[in-house]
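In what follows, chains are A, B, ... by sequence order, proteins preceding strands, each numbered from 1.
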Number of protein chains: 2
Amino acid sequence: MVFLSMQSYPGVMTVTRPYHHGDLPRVLLQAAVTAIEEAGPAALSLRDLARRTGVSHAAPTHHFGDKAGLLTALAVEGFDLLAATLTAAGDDLLDVGVAYVDFAVRHRAHFEVMFRPDLYRADAPEVRAAQERAGAALHTGVATLPPDRAEPGEARTDALAAWSIVHGFATLWLSGALPADVEADPRIAARTVIRRLFPPP
Amino acid sequence: MVFLSMQSYPGVMTVTRPYHHGDLPRVLLQAAVTAIEEAGPAALSLRDLARRTGVSHAAPTHHFGDKAGLLTALAVEGFDLLAATLTAAGDDLLDVGVAYVDFAVRHRAHFEVMFRPDLYRADAPEVRAAQERAGAALHTGVATLPPDRAEPGEARTDALAAWSIVHGFATLWLSGALPADVEADPRIAARTVIRRLFPPP
DNA sequence: GCGCAAATCTTTATGCTGGCAAGATTGGAT
DNA sequence: ATCCAATCTTGCCAGCATAAAGATTTGCGC
């Protein structure tokens, strides 16, 4: 990590900055993740991010335009991260579903922003593209199901049902709405629930 | 509708108020629903509610304490409304599940607040109580399933899977994340998806 | 009716936030 | 060495949440 000089301070010629020049966007996004994990996306404050990262209050605005711009970048990052996670989980639909829930729990801040389109510009082309990449990764898992049922549109229903059940479980888990007697490890509980939808032969 | 006199205005002795005295909390909650449906719960502003209802900016604070207090009341109202809706849907698990999704779509503002505990005081006793009433109504629907499987904890898994799939479908629908080729009527699409989890014998 | 306490609502004030505009500094390209 | 664009700071303004204090209305005992 290199420390670079920073501009004027009263009485001090040079100060240091704990990140490479030009990396402020990434640093701000990381600070946003931390802040959201602490108090939720609704309580996020650009000025608080600036304080956390030691820059002026207007620095975040320069890079992201406005608050919605920052959350848009966070959503894009989240969808890409989700796509990578699902792809890495392999071909087994159970594993993909568990990976979805695991992503939501481990990247809670990203996940909460991603599915709250009133907070960011969900119609931005980079968002749409990232969403499609994540959707394709999810559909890949569904495609591995044995196509023994002949009804048309069955694969689409399977995909929608799989997405719904893992997304629902993840959001219920994150919102703390689940009763206390549910398995403490969300991955184990999720696997049990998903297996109820796609029972082994 | 009775119009009551209002306090001093410069040069005018009495003015009228379009609601019964003491009904301001209910009026404010209704205004909050409208505002949330327009711009989401994150953009809700107490001062905007005051303007919408024609009262001073501090009137909402008097009744609900603060913004979280207002959303707490909205969440309680939502959970009670959900419990009533699920109970009225009957005993068929499919009908109960469709009613859950239908509630989310028709009472979008309540639903969005209910499962966003960072916005209100989710640990308040009246919230817990209302949550349990809604949970009991949901479990009633699951209890009507034929208990032909002998594995222990199966009913709990069924309930969790049912809740997850309807909740996930509802939140995905509300967030606009579903692909465009999904059935336009959420009740029909939801029924198809739920049937995938609980296929008819 | 009368008077008083409580509830209801307004006014005033303070600190924080988002967004805009202008200026200072830095880094890189030529 | 010089210029330019990107980066970041300072200053500013309007809107918001919240608190405190004052004004008005309502309910209630008499």
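- Straight-line distance from the CZ atom of A:Phe64 to the P atom of D:dT7: 11 Å, rounded to whole Å.
- The side-chain hydrogen bond (donor to acceptor under 3.5 Å, both in side chains) check on B:Arg116 picks up nothing, with sequence neighbours excluded.
- B:Asp66 meets the side-chain hydrogen bond (donor to acceptor under 3.5 Å, both in side chains) test with B:Arg121; sequence neighbours excluded.
- By the side chain to side chain contact (heavy atoms under 4.5 Å, CB included) test, A:Ala122 is found to be paired with A:Pro117, A:Tyr120, residues two or more places apart in sequence or in another chain being considered.
- Here the side chain of A:Arg108 pairs a donor or acceptor atom with the backbone of A:Leu174 at under 3.5 angstrom.
- Residue B:His63 contributes atom NE2, which lies 16 Å from atom P of D:dA19 at whole-angstrom precision.
- Annotation: of the two residues near DNA chain C, B:His62 and B:His57, the 5′-most nearest-nucleotide partner is B:His62.
- Distance CG (A:Asp66) to P (C:dA21): 14 Å, rounded to an integer number of Å.
- Picking from C:dC20, C:dT8, C:dT10 the nucleotide with the shortest atom distance to the side chain of B:Ala58 gives C:dT10.
- Distance CG (B:Leu24) to C1' (C:dT8): 9 Å, rounded to an integer number of Å.
- For A:Lys67 and C:dC20, the NZ to P distance is 14 Å, given to the nearest whole Å.
- Counting only residues at least two apart or on different chains, the salt bridge (Lys or Arg N to Asp or Glu O under 4.0 Å) pairs with a member in residues 123-133 of chain A are A:Asp80-A:Arg133.
- With sequence neighbours left out, the side-chain hydrogen bond (donor to acceptor under 3.5 Å, both in side chains) criterion links A:Glu38 to A:Arg52.
- Taking a 4.0 Å limit (strictly below) on heavy-atom distances, residues 35-50 of chain A reaches DNA chain D at A:Arg47.
- Put simply, CG on A:Leu71 is 14 Å from C1' on C:dT17, counting in whole angstrom units.
- Across the protein-nucleic acid pair, B:Arg26 atom CZ and C:dT8 atom C1' stand 18 Å apart, rounded to whole Å.
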